Structures are given as C-alpha cells and as structure tokens.
Amino acid sequence: MSPISKIFIANRGEIALRIIRACRELGIESVVGVSEADQDSLPAKMADRAVCIGPARAQESYLKVETIVCAALGTGADAIHPGYGFLAEQPDLSRICKEHGLAFIGPPEKCIKEMGNKLLARKMVSDQGVPVIPGSGNVRNVTEAVEAASEIGFPVIMKAAAGGGGRGIKIVRNAGELQEVFDTSSAEARVAFGDDALYIEKYIPLARHIEVQILADQMGNVIHLGERDCSLQRRYQKMIEEAPAPFLSEDLRQEIRRAGVSIARSIGYQSAGTVEFILDKKTNKFYFLEMNTRIQVEHPVTEMITGIDIVQEQIRVAAGRPLSLSQENVTLAGHAIECRLTAEDPERNFLPMPGRLLDWECPEGEGIRVDTHCFPGYSVPPFYDSLLAKVITKGEDREEAVQRMKHALGNFVVRGIHTVIPFLLFVLNREEYRNGDVHTNWMESVLEQAYSRK
Ligand code: ADP
Ligand code: ADP
Ligand code: MG
C-alpha cells in the first residue's frame with residue numbers, strides 16, 4: 001500500500017479536530033466533510049480544506065457512504081478516517097474505500113462485520129476459549145425469550161444484536177416484563193440499527209466495565225496498551241473513564257489484557273480497537289462484552305499514561321507500515337481520568353441543551369488536556385451528540401489525577417448553556433468514588449440522591 005498524504009475526515013466535533021491534529025503532526029493534509037450546520041465549525045477552519053457533504057441531518061450527510069466516498073475521491077484524498085459514531089462501524093465504508101483505492105483508517109470489512117453483530121462476536125469469542133456472559137442465541141419471539149430467560153435465570157438483560165451507544169439495552173426482572181420489553185426493544189432496534197435481532201444475557205448487577213486498548217498492524221503484530229475502567233455510566237453510556245483500572249489484582253489485570261489481545265489476534269484485527277469486558281465484582285470473574293472496531297471516545301486516558309498517539313498509529317498501520325513499537329516497549333506511567341463534558345442539564349434529567357456559548361474558557365495547567373471543538377460564541381447545533389469537550393487529567397497516581405480533575409472542572413468557564421460539570425464534581429467528591437467502591441449502576445444511584453429533592 002502507498003503512503004497516505006491526504007486524509008478525508010468523515011466526522012465532526014472534537015474527534016474531527018483530534019484527527020486534524022494527528023495529520024498536522026504527521027505532515028499529512030486534512031480535508032473535513034462538513035454538514036451545512038458545521039460549515040463554521042472549528043474543524044472546518046482548522047483542516048486544510050472543508051467540503052460540504054449535505055444538510056444538517058446526519059442521515060443526509062455524515063451517514064451517507066456514497067456521498068462521503070465521492071467527496072473523498074473528489075478532493076484527492078487517499079484515505080478516510082471515520083472517527084467514532086456515524087460510519088465508523090459501517091462495514092460497507094471499509095469495503096467501498098478498498099474498492100476505490102482509498103485506505104480506510106480502521107479494520108477490514110470482515111472484522112467490523114464479525115464484531116458488529118454481538119451474537120456472532122459472542123460465538124467467535126467463546127470458540128476462542130474466552131468466557132462470554134451466559135446468554136441466548138437470537139430470540140425470535142416472546143416464547144423463545146421466556147424460554148431462554150428461564151434457563152439463564154432472572155434478572156436478564158435484553159440486547160439488540162446490532163446495538164451500540166447503550167441504546168436498546170433493557171433489564172428484565174421477570175417473565176411478566178418480557179412481553180412488553182420484547183416488543184419495544186425489537187421496534188427500537190429496527191429503527192435505530194435497521195436490524196431487530198434480539199438476544200438475552202444474564203444480568204450482572206455488581207459489575208465493573210473494563211476494556212483493553214488494542215493496536216494491530218497489517219503484518220500481524222497485535223499489542224495492548226493496558227486497560228481502562230469505564231464503570232461510571234449513565235444509561236449504559238460512559239461518563240467518567242480512567243486508566244489504568246484501579247483496585248485490580250495484578251494477575252487479573254494481566255489475564256484481562258491477554259484475553260483482549262487473543263480475541264483481536266484471532267479475528268485478524270488491524271488498526272486501533274477495544275475489547276470490552278464485564279467484571280463481576282462478586283466472583284471476580286470477567287466476561288467478554290463486545291469489541292468496538294474503531295477509535296473510542298476515551299482513548300486519551302490511554303495516550304496520557306503510555307505517551308503513544310493512538311490516532312497516529314491508526315494512520316501508520318492504514319498506510320501499511322508496522323506499529324511503531326512492540327509490546328515490550330509499551331510502558332505505563334501514572335494515572336489518567338477523563339470526564340465527558342456534555343451540554344445537558346443534570347437538574348432536568350440531562351436534557352440536551354444546545355445553544356450559544358457566551359463564554360468558553362478551558363482550564364490549563366500541568367497534567368490537564370482538553371479535547372474540544374468549542375470556542376467563545378460557538379453555537380452548539382441541536383442535531384448531534386451533546387459532547388462539548390473531554391477533560392483529561394493525569395497525575396503520578398490516582399489521587400493526584402482526581403485532584404487535578406476537580407481543579408480543572410472547577411476552573412472551567414462556560415456561560416450560555418447548562419453542562420454536566422456540577423454533577424461530575426459531585427461524583428468526584430464522593431467517598432465511594434475515591435475508594436473504588438463503585439459499579440456500573442452506582443452513578444445512576446447517586447444521581448437519584450443528588451437530584452431527588454429537586
Ligand atoms: P465509546 O464506546 O467510544 O466510549 P460510545 O459507546 O459512547 O463511546 O460510542 C460512540 C458514540 O458517540 C455513538 O454512539 C454516538 O452516540 C456518539 N457520537 C457519534 N458521532 C459523534 C461525534 N461526531 N461526536 C460526538 N459523539 C458522537
Ligand atoms: P453498547 O454496544 O451499547 O456499548 P455493551 O454491550 O457494551 O453495549 O453494554 C453497555 C453497558 O451496559 C456495559 O458497560 C454495562 O454497564 C451494561 N451491561 C451490558 N451487559 C450487561 C450485563 N450482562 N450485565 C450487567 N450489565 C451489562
Ligand atoms: Mg460497549
């Protein structure tokens with residue numbers, strides 16, 4: 001494969017800027033495809049070139065494979081970076097890029113397909129000898145769902161085989177609830193993912209979410225960059241992440257990392273990817289959850305403790321070059337935390353709050369990184385994800401990283417719209433958080449405490 005000299009970025013927001021920065025550092029030209037709503041955005045200004053790819057609605061712009069490939073070819077790009085969300089896990093894009101001689105900065109179509117369908121992924125992973133959460137195959141109707149759930153034992157969790165972003169996940173406590181959940185879930189999955197296949201997993205009530213960052217090249221080198229803990233979630237979506245995972249025995253940590261690498265290797269993975277696991281806090285057993293075949297929102301915490309630029313590595317391997325380092329050369333130092341700063345009002349059930357930023361000033365200082373596309377006067381459009389910024393702090397240890405995060409969030413100046421900063425600070429100040437006495441449902445439970453009196 002020939003070297004990459006111009007990258008077309010098929011995304012927006014902070015991740016588009018993040019990719020532009022990697023291009024700059026590598027001496028690669030960047031072209032960003034923007035919707036009509038993003039023509040005055042920071043990525044549009046910062047990229048070497050911006051081209052309009054359609055109306056504000058993502059279905060008519062950021063999600064249109066043909067439009068994006070044509071725009072990439074028309075601007076003379078030789079590669080496409082899909083970022084996360086949008087087309088990042090659309091196998092067609094990977095294939096069509098290849099057919100047109102464009103490098104896709106992500107894995108081959110086959111890997112996206114195999115891991116994108118959670119049922120298929122579970123089968124492949126369990127064939128590898130890595131434990132998967134006890135669960136069913138595709139349940140086609142309520143009778144099959146009741147049968148499967150009774151066998152697994154309530155409570156169970158209903159999931160869409162094609163699901164993502166926490167959508168379509170529902171806890172089911174008894175057979176009586178199954179009918180309704182089955183109907184709504186399959187309807188939702190059909191609309192959201194164009195695929196209504198559902199399945200059931202055993203629900204693990206006291207769990208941690210631990211994931212392994214993978215890097216792999218086209219020569220078959222597969223390495224991990226350690227793990228992250230993403231147990232702080234709201235509605236099955238991550239809000240605060242950290243690396244390395246705290247309060248984990250060294251044996252278990254190594255075992256989880258090895259499992260991640262072995263899964264990636266077994267499917268011939270290439271590029272950056274993440275293998276997600278659920279750790280049952282009661283038994284200390286871990287299970288494969290899913291694999292995300294793309295760059296993840298929380299990749300900066302890993303970059304902070306390894307010093308490795310994951311986006312640059314993605315670009316490198318897409319150009320057919322080997323990873324810039326081997327497993328022995330990966331060293332982890334310090335501790336990093338990320339908070340997702342969204343334009344939502346925690347006092348109003350996290351209602352998205354698009355609007356104009358009258359004031360916007362990011363904190364600065366030792367060990368603080370802010371990934372954002374916002375600026376004073378920017379109007380947050382109502383059409384997309386409400387992520388405004390990712391605040392990442394690093395310290396020599398967890399304590400210092402947390403202190404820096406509190407400092408950073410406390411010094412953020414945002415005027416004009418509501419953000420989740422007050423809630424993030426509330427969580428960071430909790431004793432349970434400091435002691436690692438948390439699990440995937442913990443944040444929602446403190447949320448109730450924090451706002452129930454309102
Ligand atoms: P991760 O698994 O990387 O932690 P998510 O599970 O939250 O992150 O998945 C990525 C999510 O990001 C998508 O489900 C989507 O809601 C959201 N998203 C998609 N595109 C964008 C974007 N350009 N900017 C911000 N968020 C986006
Ligand atoms: P998505 O593709 O939407 O990211 P995941 O399968 O990765 O969906 O699950 C998202 C989150 O939902 C997990 O991080 C975890 O908090 C919760 N979850 C998923 N499956 C289970 C389970 N079987 N038991 C308990 N919690 C689960
Ligand atoms: Mg997930």
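Computed from a predicted structure; not experimentally measured. Order of listing sets the numbers, starting from 1, for every ligand and every atom in it.
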Could you check whether the rings of Phe423 and Phe350 sit parallel, tilted or perpendicular, using 30° and 60° as the cut-offs? perpendicular
Any N or O of Gly165 that comes nearer than 3.5 Å to an N or O of ligand 2? yes
Do NZ/NE/NH1/NH2 and the carboxylate oxygens of Glu177 and Lys170 come within less than 4.0 Å? no
Atom name, Glu276 (N, O or S, nearest to the Mg ion (ligand 3)): OE1
What part of Ile204, side chain from CB on, backbone N/CA/C/O, both or neither, has a heavy atom under 4.0 Å from ligand 2? both
Show me which atoms of ligand 2 lie under 4.0 Å from any heavy atom of Ile133. 23 (N)
Is it true that Glu250 and Gln254 share a donor-acceptor pair across their side chains at a distance under 3.5 Å? yes
So is Tyr236 polar-close to ligand 2, meaning N/O to N/O under 3.5 Å? no
State plainly whether the residues Arg340 and Glu241 are in salt-bridge range, i.e. N to O under 4.0 Å. yes
Any N/O of Tyr203 closer than 3.5 Å to an N/O of ligand 2? no
If you consider just the N/O/S atoms, which atom of Glu290 is the closest one to the Mg ion (ligand 3)? OE2
Check whether any N or O atom of Ile169, backbone or side chain, sits under 3.5 Å from an N or O atom of ligand 2, and answer yes or no. no
Short N/O distance, under 3.5 Å, between Ile157 and ligand 2? no
Identify whether the distance between the nearest side-chain nitrogen and carboxylate oxygen of Arg18 and Glu14 falls below 4.0 Å. no
Check whether Tyr433 forms a cation-pi arrangement with Arg398 (NZ or CZ under 6.0 Å from the six-membered ring centre, at most 45° off the ring normal). yes
So, does Lys118 sit close enough to ligand 2 that a heavy atom of it is under 4.0 Å from the ligand? yes
Strictly below 4.0 Å, N to O, side chains only: are Glu201 and Arg122 in salt-bridge contact? yes
Region of Asn292 engaging ligand 2 - heavy atom pairs below 4.0 Å: neither
Do Glu255 and Arg258 sit within salt-bridge range, that is, some charged N less than 4.0 Å from a carboxylate O? no
Ligand 2 atoms in contact with Gln233 (distance to a heavy atom under 4.0 Å): 11 (C), 13 (C), 14 (O), 15 (C), 16 (O)
Which atoms of ligand 2 sit under 4.0 Å from any heavy atom of Lys159? 6 (O), 19 (C), 20 (N)
Is any side-chain N of the basic residue among Arg253 and Glu227 closer than 4.0 Å to the acidic one's carboxylate O? yes
Charged N to carboxylate O below 4.0 Å: is that the case for Glu400 and Arg404? yes
Is Gly166 near ligand 2, meaning one of its heavy atoms is under 4.0 Å from it? yes
What atoms of ligand 2 come within less than 4.0 Å of a heavy atom belonging to Glu276? 7 (O)
